[in-house]
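What you are looking at is a predicted structure, and each value in this text was computed from that prediction instead of being measured. First the proteins, then the strands, lettered A, B, ... as listed; each starts at 1. When reading the values below, keep in mind they use all heavy atoms of this one structure, side chains included, and skip hydrogens, waters and symmetry mates.
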Amino acid sequence: MAGGGGRVIRVLNVAEKPSVAKAVSGILSKNQPGGIRVRDGRSRYNKIFEFNYTIRNQPCQMLFTSVTGHLMEIEFHERYRKWHSCDPLDLYNAPVRKFVPEDKLDIKRTLEAEARSCQWIILWLDCDREGENIAFEVLDVCRQANHNLTVWRARFSALIDREIHQSVQTLVQPNQLFSDAVDVRQEIDLRIGASFTRFQTMLLRGAFVLDFATDDRNLVLSYGPCQFPTLGFVVERYWEIQAHEPEEFWTINCTHNSDEGTATFNWMRGHLFDYTCGVMIYEMCIQEPIATVTKVKQQEKLKYPPHPLSTIELEKRASRYFRMSSEQTMKVAEDLYQNGFISYPRTETDCFSDKTDLRKNYLDVYRFESWGGSVIPTYSFGQQFTPTTLTLDSGVTRPPPLLSEADLLGCMDKAGIGTDATMHDHIKKLLDRFYAIKDSNTRFSPTKLGEALVMGYDDMGYELWKPYLRAMMECDMKAVSTGTKRKAEVLETCLQQMKACFSDARTNKGKLLEAMAIFFERSNRSSSGEQQAVGAVVRRCGLCLESDMVLRQKPDGNFMVGCLGYPQCRNVVWLPGSVSEASVTENTCITCSPGPVFKIQFKFRQQEIPPDYSVQHLGCIGGCDDILRQLVEICGTGSRNSSNTSGRGRGNPTASSSAQRDNSRAQISCAYCRQTGHLSNDCPSQASRGRTARAQEVDNGESSIPCNSCGAPCILRTANTANNRGRKFFSCQSSECNFFVWEDNLSGGRAERANTSASTSSGRGGRGRGRGCGQSGAHSSNVSFVSATGEPITGRCFICGDPGHFANVCPRRG
DNA sequence: GCAAGGTC
């Protein structure tokens with residue numbers, strides 16, 4: 001450490017809270033020339049104290065300010081902040097950042113400004129892991145403002161003169177390992193909490209009628225590594241009570257009255273569940289009723305005062321004696337602290353002032369307890385007496401009581417759930433989230449929701465609701481803080497495990513749904529959970545620009561690529577109904593922008609695609625993929641027969657249908673103009689022609705023909721697949737219709753150009769391009785396309801060949 | 001909108 005007098009240096013001192021800055025400044029400035037000056041910083045709570053002090057012969061001008069706990073927060077990058085922005089599984093790998101939140105910027109600016117004028121910085125944060133982490137947050141900010149700061153850490157455990165002076169004369173370096181341990185905790189808590197909270201909220205809210213919430217749309221079904229084990233304690237006790245079967249037992253009791261008082265003797269054996277045995281032993285006693293004293297043991301009994309200065313003990317006793325909630329107690333404690341009556345209540349400061357009389361009979365001042373002893377008559381070895389009463393009594397086993405707040409705090413304390421300062425928050429969270437209720441006896445029982453959630457995870461076989469996970473994390477953090485394990489190693493291992501666990505839990509979500517179904521009615525709202533199931537990301541949504549488009553398979557087996565921002569964003573690309581398998585690959589499209597657009601490996605059902613199309617296809621939904629577009633046109637999409645019954649559009653088929661069309665417009669290129677953003681049946685270049693026109697000229701000089709099935713325009717297209725390159729076909733441009741016919745299957749083998757005016761004037765009865773040569777018989781009088789035999793073509797099924805329906809509704813499809 | 005940890 002530098003020293004040796006001479007030039008006065010400026011030292012920036014930072015404490016964890018304003019009260020400590022004030023107290024330490026008061027101690028160090030005592031008897032110093034110049035006394036102490038106070039000035040305001042940018043933050044109204046965090047004053048700056050100035051005084052002179054000498055550290056190891058080095059004259060120092062001390063500036064002493066503070067933060068208010070953590071200066072920084074950890075959050076996901078903006079891209080992952082919105083709930084629908086990504087698959088919750090991605091939250092295990094999504095980048096996170098530590099930053100100074102808005103309400104701490106004033107403190108940050110004060111630190112920056114003061115750091116610039118100082119040569120040294122002394123970190124006076126609390127001496128625990130969190131304090132060490134805050135020290136590095138402060139350091140981060142101050143070093144940004146002044147790279148040349150010399151850094152010191154003051155270690156102290158009590159705000160008393162001797163300790164503070166000693167601390168500042170024996171400064172050390174901050175402990176990176178302690179801080180690392182907190183970084184690990186923060187990151188794990190965030191990733192686990194956010195992923196599970198999003199998952200279970202989106203899965204269950206809306207899927208059930210949650211009658212306790214006035215508006216369950218805003219309901220959050222949170223999961224946290226502390227709150228869930230706390231709920232677990234409540235549920236476990238509740239189940240224990242439920243499972244209890246009362247059982248009758250028998251016990252022999254004896255009392256003896258003498259001049260000195262009454263003595264009650266308990267049966268050494270306790271009790272018997274067998275009535276016959278009990279009666280037999282009792283009858284033996286009655287037959288020989290003289291009692292003999294066989295052992296006399298005197299024992300001093302001590303009564304200990306409650307553990308002093310313990311936050312949890314305070315909360316337990318306030319609950320027991322005043323029926324105050326732990327949260328309420330902490331508020332009162334805070335007030336008492338602010339007014340100078342008690343020491344800081346949120347972290348243990350179990351150190352008494354030198355003036356305290358610890359040989360203090362505590363029962364004289366603590367009136368809530370008494371000696372409570374009773375006088376027992378004196379007995380001597382071998383003494384005989386006749387019992388005053390000798391009875392055979394029955395009793396019934398009782399279940400344990402519901403957990404009281406004191407019990408709950410005890411469980412949490414024992415299992416290491418939360419800290420002194422946060423335990424009451426976790427308990428309150430259970431009530432706020434409708435997971436548990438507290439009765440008039442301040443005892444906790446789970447709500448239906450709380451029980452269902454724990455039951456769901458329990459049925460999966462996971463102990464996510466037990467304290468072991470937190471205990472394991474605590475163990476790992478300890479290993480990081482002592483250097484036994486590295487931060488990156490623990491993070492990687494733990495997150496990998498939790499990611500696998502999350503993934504498994506999602507696979508087994510049925511267990512959660514089943515458990516919920518025991519307690520709640522199913523809801524048929526459109527935002528029900530199953531529709532939120534997510535798949536792999538294909539591209540960023542070009543419509544809302546906020547969320548990802550992911551590949552999904554609907555319950556009916558059809559595939560689509562939908563925006564995770566649903567229902568706010570309804571962007572969706574429906575894929576051909578003939579897709580049997582689809583998976584997003586790591587190949588990106590080099591044509592489509594904005595990228596990346598990940599290609600999808602498709603497998604089509606062979607019978608449902610024209611013979612010249614390959615069963616396997618590596619496709620792109622960005623608009624560049626002609627084959628995919630043709631198959632959509634030929635086979636139709638999965639939306640056609642599912643939008644009214646299931647999938648995203650449940651309960652709102654119109655919206656779904658419109659969304660489907662809107663999004664086909666957005667992604668698949670138009671058959672007319674080759675632009676993305678609309679389909680050929682909505683092509684702006686064709687707008688003036690209108691759907692009622694029965695024949696339309698297309699850009700290449702060909703005309704379109706009204707579809708036999710729906711009347712929408714069919715246009716002549718040219719196949720570019722290996723087997724049929726150059727072969728022409730007509731296909732209906734309505735996204736609602738699958739009409740398709742090879743041109744050479746029409747009569748005459750070649751279509752004639754339609755007569756636009758004739759078609760328009762005669763409607764469907766006009767001369768169709770596909771009509772056979774002069775065979776305008778009865779069959780074909782009102783259709784555009786007829787076969788070589790003069791039969792009207794009504795479309796054909798690729799599976800069974802039946803012209804009466806299309807492949808996607810074929811009964812043989814299963 | 002999500003965790004848990006500081007503190008005002």
query: What's the closest nucleotide to the A:T201 side chain, out of B:dG5, B:dC2, B:dG1?
result: B:dG1
task: Figure out the OH/P separation between A:Y223 and B:dA3, and round it to whole Å.
output: 12 Å
message: Side chain of A:K17 only, heavy atoms from C-beta on: which candidate in B:dG1, B:dA4, B:dC8 is closest?
response: B:dC8
query: Should the pair A:R433 and A:Y435 be classed as cation-pi, given the thresholds of under 6.0 Å to the six-membered ring centre and 45° from the axis?
result: no
statement: A:N133 atom CG is separated from B:dG5 atom C1', nearest whole Å, by 9 Å
message: What residues from residues 74-81 of chain A pass a heavy-atom cutoff of under 4.0 Å to DNA chain B?
response: A:I74, A:E75
query: What does A:G131 touch in the nucleic acid at a heavy-atom separation under 4.0 angstrom: a base, only the sugar-phosphate, or nothing?
result: nothing
message: Just the rounded figure in Å: distance from P of B:dC2 to CG of A:D425.
response: 14 Å
- line: Winner on side-chain proximity to A:K104, out of B:dC8, B:dA3, B:dG1, is B:dC8
- prompt: Are the ring of A:W83 and the six-membered base ring of B:dG1 within the stacking cut-offs of under 5.5 Å and under 30°?
  reply: yes
- prompt: Considering only B:dC2, B:dC8, B:dA4, which nucleotide approaches the side chain of A:D189 most closely?
  reply: B:dA4
message: Heavy atoms from C-beta onward define the side chain here; which of B:dG5, B:dG1, B:dA4 lies closest to that of A:Q227?
response: B:dA4
- prompt: Contact class for A:Q186 vs. all strands (heavy atom < 4.0 Å): base, sugar-phosphate, or nothing?
  reply: base
statement: Closest of B:dG5, B:dG1, B:dC2 to the A:H426 side chain is B:dG5
message: Please evaluate residues A:Y462 and A:Y457 with respect to the criterion ring-ring contact (aromatic ring centres under 6.0 Å, His included), reporting the C-alpha separation (whole Å), side-chain torsions for both, the decisive distance (0.1 Å), and the verdict.
response: CA-CA 6 Å; A:Y462 293 129; A:Y457 286 114; 7.5 Å; no
Results of side-chain contact (heavy atoms from CB on, under 4.5 Å) for A:A194 - residues two or more places apart only: A:F76, A:L91
task: Tell me, please, which residues at least two apart from A:S404 pass side-chain contact (heavy atoms from CB on, under 4.5 Å).
output: A:A406, A:D407, A:R443
task: Ignoring the backbone of A:R205, work out which of B:dG1, B:dC2, B:dC8 is nearest its side chain.
output: B:dG1
query: Quick one: which of B:dA4, B:dG1, B:dG6 gets closest to the side chain of A:C226?
result: B:dA4
message: Can you confirm whether A:K499 sits close enough to A:L89 that some side-chain heavy atom of one is under 4.5 Å from a side-chain heavy atom of the other?
response: yes
Minimum side-chain heavy-atom gap A:F434-A:L219 below 4.5 Å: yes
query: With a non-hydrogen cut-off below 4.0 angstrom, is A:R470 in contact with a base, only sugar-phosphate, or nothing?
result: sugar-phosphate
For atom CG of A:D128 and atom C1' of B:dA4, their distance in whole Å: 14 Å
field: Sub-4.5 Å side-chain heavy-atom contact between A:I188 and A:L495
entry: yes
query: For the pair made of CZ in A:F228 and C1' in B:dA3, what is the distance, rounded to whole Å?
result: 13 Å
- prompt: NA contact type, A:T68, heavy-atom cut-off 4.0 Å: base, sugar-phosphate, or nothing?
  reply: base
